Amino acid sequence: MAKSDQGKKKPKSSGPMIDDDSVWVLGTHMTKFGRYSDHDAVDLASTSAIAALQDGGVTIHDMDVFAAGTLFQASSGMAQQVQKQIGQTGIPAYNVSNACATGATALRTVMLSIKAGEADMGLAVGVEQMGKMGLLGGAGSKKEAKVFAPSGRYGAVTGTDGYIGTAGMPGVFAQAGMGYAYENDGVDFEQFAKVAYKNHLHSTLNPLAQYQKEFSLDEIMGAPVMSYPNTLLMCCPTGDGAAAAVLVSGERLKSMPKKVQKRAVKISASVLTSDPWTSSAQVQPDVNTLTRNAAAQAYEQAGVGPDDLDLVELHDCFATAELIHYDNLGLCEPGGAGDFIDSGAPFRDGRTPVNVSGGLISKGHPIGATGIANIYEVATHLRGEAGDRQVKGAKVGLAHVIGLGSACGVHILEKAA
Amino acid sequence: MTVKQVPLVDYLHIGARPYLKAKACTSCGARFFDRRIACGNCGAQEFQNVRVRNQGVVTAFTIVHRAAPGIPAPYVSAIIETDDGTSVRSNVVNCEPDPERVKLGMKVKLTTYSIGTDDEGTEAIAFGYEPA
Ligand SMILES: [Zn+2]
């Protein structure tokens, strides 16, 4: 497949044809993100799984494969626990854990089974129940040692977080943003804050978002500083939630009613990368290189370019992260992420709307659910079913997640004919 | 009686002239601070110890206000690129934790300081970088 001409929009009058070996989203769902004291992760995952099956007009008995993603309950056998709620049909069940890319990896697991010809249809669910655990900053130091004795791979005599820089997420991503500012003169605190302004604004139109409240730029910049330049309102909250998707092979979709085909969304690219060796990543996770690699592969697979995208859901765990991913995903000129937000391009009415869901910053980030929730968001727009926040005429969208360590998932979705 | 001192991490050499020690892959030159089985860049298994230059520049920083328990805040965390091109994560010390004072591209040099004494009277020495 050839890469499309940059800067030239593809004709969008008709969607993709249904090839036998293509894979499609048949049904999808996400719960409202928030805090559920009367539901556990199994309840949330099961609820979302059943709703995605219903959305696709199928049942658990039609599924050939099942994957469940959760990070904090990775060893709980989530997939089997959910099966015991929604139907124990004996199909292969995979438990998936891959940092913040857990949901995307679960989805890809199902997709690969279909690609391999083992399955015609499969179900992926992502879930997390985090409660109030603080801002993903929970990398606490070891308790002060009574005796300073070296241990671990660095021979540390006590906890190093706070002595050897920060290991907390708000700080790690702050440094990632400041690294971009170092390389690109003029990128500043206000531009990072504008990202949060935009996403909080977008969230007011999304009833599934954990928070739906607009904040002024002054309120965002004046909020308590977590790790400069990230203030409290520039960090994603913790929360609970689930999202699910039913995938189907093109061959099987062809045999389904036209009405069903019309709502199906093509997965034009599905990519997962880990980080190649870089010098700086030995001391601080490099969130850039693997995202750039994933984006390049995804555009190649889908045969589209960044200019073809009608909307993007990207991994804005912190405002600093979103800004640098404009550049990593090729949405702006190299080095131009600051100008990109200043120009209004990533706002809902802009050239390339980014995180119209409110993003992780306001929609929330129940970790295992995130990588399927962004597929839900993009698919819902492509189907024209996004209500008040609908991006008009959306035909092509991209969903991106990154988990530290690192793992990056990029999916490109296209509207059916 | 002299107090026994230990480095916070084993890649810090303490004493009159402190410096950081890296393991450099003899095949590709990639540098590491942790215990190694093989090189993450090329897969080779031979390393030599190298002394990292004490001077460098701040290529990224953050000012941490919500710190891990027991860590005084705010403090400055930074990524330093040393003059020999080694990436180091460290606190910036002897510099006010204020975005007006810490600057991207700022020249810094290695220093050490005590982070406390254990029950047996052993003192742990950490490294930081201070404005040069
Ligand atoms: Zn090597």
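What you are looking at is a predicted structure, and each value in this text was computed from that prediction instead of being measured. Lettering of chains follows the sequences in order, A, B, ..., and the numbering in each one begins at 1.
Taking chain B as the reference chain and counting heavy-atom pairs below 4.5 Å, the highest number among A/G165, A/A281, A/G155 is found for A/G165. The choice from B/V93, B/N41, B/V64, B/T86 that makes the most heavy-atom pairs within less than 4.5 Å of chain A is B/N41. Interface check for chain A: of the options B/S77, B/A126, B/A60, B/C39, the most heavy-atom pairs under 4.5 Å are formed by B/S77. Ranking B/G40, B/G128, B/A73 against chain A, the residue ahead of the rest is B/G40, based on heavy-atom pairs under 4.5 Å.
For the atom pair OH (A/Y154) and CG (B/D34), the distance works out to 4.0 Å, reported to the nearest 0.5 Å. Taking OH of A/Y163 as the start and CG of B/L8 as the end, the distance is 8.0 Å to the nearest 0.5 Å. Atom CE of A/M178 and atom CD1 of B/I63 lie 7.5 Å apart (nearest 0.5 Å). Atoms OG1 and CD, on B/T62 and A/Q175 in that order, are 6.0 Å from each other to the nearest 0.5 Å. Of the inter-residue distances, the one linking B/F33 atom CZ with A/I164 atom CD1 reads 9.5 Å to the nearest 0.5 angstrom. Taking OG of A/S280 as the reference point, atom CD1 of B/I80 lies at 13.0 Å (rounded to 0.5 Å).
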Next item on the list: Kindly determine whether A/T160 and B/V9 satisfy side chain to side chain contact (heavy atoms under 4.5 Å, CB included), including the steps that lead there.
Entry: CA-CA 8 Å; A/T160 58; B/V9 284; 4.1 Å; yes
Checklist line | Residues A/T158, B/I115; criterion side chain to side chain contact (heavy atoms under 4.5 Å, CB included); working and verdict | finding: CA-CA 10 Å; A/T158 185; B/I115 60 164; 3.8 Å; yes
Check: Are A/Y182 and B/V57 close enough, and set up right, to give a side chain to side chain contact (heavy atoms under 4.5 Å, CB included), and what steps lead you there?
Finding: CA-CA 11 Å; A/Y182 175 64; B/V57 296; 3.9 Å; yes
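In terms of the side-chain hydrogen bond (donor to acceptor under 3.5 Å, both in side chains) criterion, B/E81 has no residue partners (sequence neighbours excluded). Considering only residues two or more places apart in sequence or on other chains, A/S343 meets the side chain to side chain contact (heavy atoms under 4.5 Å, CB included) condition with A/A345.
Looking at A/P224, the atoms closer than 4.5 Å to chain B (heavy atoms on both sides) all sit in the side chain, from C-beta outward. Within the 4.5 angstrom heavy-atom criterion, no atom of B/P97 approaches chain A. With a 4.5 Å cut-off on non-hydrogen atoms, B/S90 touches chain A through its backbone but not through its side chain. Interface residue A/A181: backbone and side-chain heavy atoms are both found under 4.5 Å from chain B. Only the side chain of B/Y113 comes within less than 4.5 Å of a heavy atom in chain A; its backbone stays farther off. With a threshold of 4.5 angstrom between heavy atoms, B/A67 does not approach chain A through any atom at all. Residue contact with chain A, scored on non-hydrogen atoms closer than 4.5 Å, is absent for B/V76. Interface residue B/V88: only backbone heavy atoms are found under 4.5 Å from chain A. For A/Q282, the part sitting under 4.5 Å from any heavy atom of chain B is the side chain, from C-beta outward, and nothing else.
Using modelled atom types, one side-chain atom of A/R153 and one backbone atom of B/R35 make a donor-acceptor pair closer than 3.5 Å. A side-chain donor-acceptor contact under 3.5 Å links B/N91 to the backbone of A/G162. At distances below 3.5 Å, at least one donor-acceptor pair connects side-chain atoms of B/D118 with backbone N or O atoms of A/F148.
Among all heavy-atom pairs drawn from A/Q284 and B/I79, the shortest one is CB-CD1, 3.5 Å. The two atoms that bring A/Y228 and B/P99 nearest to each other are CZ-CB, 3.5 Å, heavy atoms only.
Heavy atoms from other residues, nucleotides or ligands lying under 6.0 Å from CZ of B/R101 number 12 at most.
A/V283 places a side-chain heavy atom less than 4.5 Å from the side chain of B/S87. Taking 4.5 Å as the limit, some side-chain heavy atom of B/Y75 sits within range of a side-chain heavy atom of A/T166.
Residues of residues 19-29 of chain B never come closer than 4.5 Å to chain A when only heavy atoms are counted.
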Using distance only, find each side-chain donor-acceptor pair of residues 103-110 of chain B under 3.5 Å and give its atom names and separation, not counting sequence neighbours.
from   : atom 1 : to     : atom 2 : distance (Å)
B/K109 : NZ     : B/E130 : OE2    : 2.9

